[in-house]
Amino acid sequence: MPELFPDQDPLDVRLRYKPDVIKGDMDSIRADVKEFYSNLEVKIVDESYDQDTTDLHKCIAFICSSTPDPEKSNLCILILGALGGRFDHEVGNINVLYRFSNIRIILLSDDCLIYLLPKTHRHEIHIQSSVEGPHCGLIPAGAPSTSTTTTGLQWDLTDMGMSFGGLISTSNIVRGAKVTVQSDSDLLWTISIRKTN
């Protein structure tokens with residue numbers, strides 16, 4: 001968090017944005033960090049016994065279990081730092097989107113954001129052009145799509161199939177304030193984040 005506020009005292013930032021819970025398998029937390037937050041009475045939950053799920057999965061499950069009827073709520077989970085590191089971690093984070101496809105989860109990096117467009121819906125994506133775009137993509141990471149149709153893109157798709165080894169809509173461009181997507185497969189939506197000076 002202090003990196004997001006470089007002109008502010010790091011300790012003040014850490015105290016202002018103190019987590020409610022730190023949860024995971026604790027294999028990468030530094031001892032001094034663990035002690036710092038423990039002294040602030042942050043709840044620390046060691047789930048090192050569970051090596052079948054990622055730390056992100058554990059945290060999303062915790063949030064869902066703490067939210068009354070998360071599927072019907074307006075719950076939106078923003079994950080900072082989810083991209084741009086080790087590729088296997090990035091893929092694990094993308095897998096969480098599929099494992100919790102009924103919850104709106106956005107993976108955010110310095111360069112882009114990614115979220116899942118479940119096949120169960122026709123999607124209207126409202127573009128915040130002051131902070132995102134114009135580069136975007138639609139990726140059929142879970143299974144091939146035999147029919148995807150879009151509006152609002154430079155290179156729209158009309159009942160097109162997409163799959164790895166075939167067509168994937170990367171390096172596309174948003175044309176306006178709204179993009180629509182209808183597909184017979186879950187798709188990953190990604191859009192670039194505009195850099196501020």
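Just so it is clear, the model here is predicted, and its values are computed rather than measured.
Other residues sharing the hydrophobic cluster of Ile29, ordered by chain and number and joined by side-chain separations under 4.5 Å: Leu11, Leu15, Ile22, Met26, Val33, Phe36, Tyr37, Leu40, Val42, Ile44. Cluster partners of Val91, using a side-chain heavy-atom cutoff of under 4.5 Å among ILVMFWY residues and allowing indirect links, are Phe87.
The main-chain N or O of Asp25 is found under 3.5 Å from a side-chain atom of Asp55 such that the two form a donor-acceptor pair.
Qualifying ring-ring contact (aromatic ring centres under 6.0 Å, His included) partners for Tyr98, counting only residues two or more places apart in sequence or in other chains: none. Remark: His121 pairs with His123 by the ring-ring contact (aromatic ring centres under 6.0 Å, His included) rule, at least two apart or across chains. Judged as a side-chain contact (heavy atoms from CB on, under 4.5 Å), and not counting sequence neighbours, the contacts of Asp159 are Ser147, Thr149. Checked against side-chain contact (heavy atoms from CB on, under 4.5 Å), Lys23 has the following partners two or more places apart in sequence or in another chain: Val21, Val45, Glu47, Lys58, Cys59, Phe62. With sequence neighbours excluded, the residues forming a salt bridge (Lys or Arg N to Asp or Glu O under 4.0 Å) with Lys178 are Glu124, listed by chain and number. Every residue two or more places apart in sequence or in another chain that forms a ring-ring contact (aromatic ring centres under 6.0 Å, His included) with Phe100 is listed here: His57. Partners of Asp88 under the salt bridge (Lys or Arg N to Asp or Glu O under 4.0 Å) rule, at least two apart in sequence or in another chain, are Arg86.
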Which atom pairs, donor and acceptor, lie under 3.5 Å between side-chain atoms of residues 125-137 and protein residues at least two apart or in another chain?
unit_1	atom_1	unit_2	atom_2	d
Glu132	OE2	Gln128	N	2.8

N/O donor-acceptor pairs under 3.5 Å from side chains in residues 168-177, not counting sequence neighbours:
unit_1	atom_1	unit_2	atom_2	d
Ser169	OG	Asn172	ND2	3.1
Asn172	OD1	Trp155	N	3.0
Asn172	ND2	Trp155	O	2.9
Arg175	NH1	Leu153	O	2.7

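Thr148 places a side-chain heavy atom less than 4.5 Å from the side chain of Leu187. Proximity of Pro140 to Met162: side-chain heavy atoms (C-beta onward) are separated by under 4.5 Å at one or more points. A heavy-atom distance below 4.5 Å is not found between the side chains of Ser163 and Leu167. At least one side-chain heavy atom of Leu75 sits under 4.5 Å from a side-chain heavy atom of Ile103. Put simply, the side chain of Leu138 reaches to within 4.5 Å of the side chain of Val181, judged on heavy atoms. Counting heavy atoms from C-beta on, the side chains of Cys112 and Ile191 never come closer than 4.5 Å.
Taking CG of Asn93 as the start and NE2 of His89 as the end, the distance is 8.0 Å to the nearest 0.5 Å. To the nearest 0.5 angstrom, Ile139 atom CD1 is 11.0 Å from Leu117 atom CG. Note that CG of Asp186 and OG1 of Thr120 are 7.5 Å apart. Values are rounded to the nearest 0.5 Å.
Among all heavy-atom pairs drawn from Ala141 and Leu188, the shortest one is CB-CD1, 3.6 Å. Smallest separation of non-hydrogen atoms from Ser185 and Ala143: OG-O, 2.9 Å.
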Candidate pair Asp156 and Thr150, rule side chain to side chain donor-acceptor pair (under 3.5 Å), full reasoning: CA-CA 5 Å; Asp156 274 321; Thr150 66; 2.8 Å; yes
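The salt bridge (charged side-chain N to carboxylate O under 4.0 Å, His left out) pairs that include a residue from residues 97-111 are Asp111-Lys195, where partners are two or more places apart or lie in different chains.
Evaluated for a side-chain contact (heavy atoms from CB on, under 4.5 Å) with Leu116, the options Leu97, Leu107, Asn102 yield exactly one hit, Leu97. With respect to Ile79, the side-chain contact (heavy atoms from CB on, under 4.5 Å) criterion is satisfied by exactly one of Leu113, Ile105, Ile106, Leu108: Ile105.
Other residues, nucleotides and ligands contribute at most 12 non-hydrogen atoms within 6.0 Å of the NZ atom of Lys43. Dense packing is recorded around CD of Gln51, with more than 12 heavy atoms of other residues, nucleotides or ligands lying under 6.0 Å away. With a 6.0 Å radius and a threshold of 12 heavy atoms from other residues, nucleotides or ligands, Asp27 has its CG atom above the threshold.
Residues Asp184 and Ser145 have side chains that bring a donor and an acceptor to within less than 3.5 angstrom of each other.
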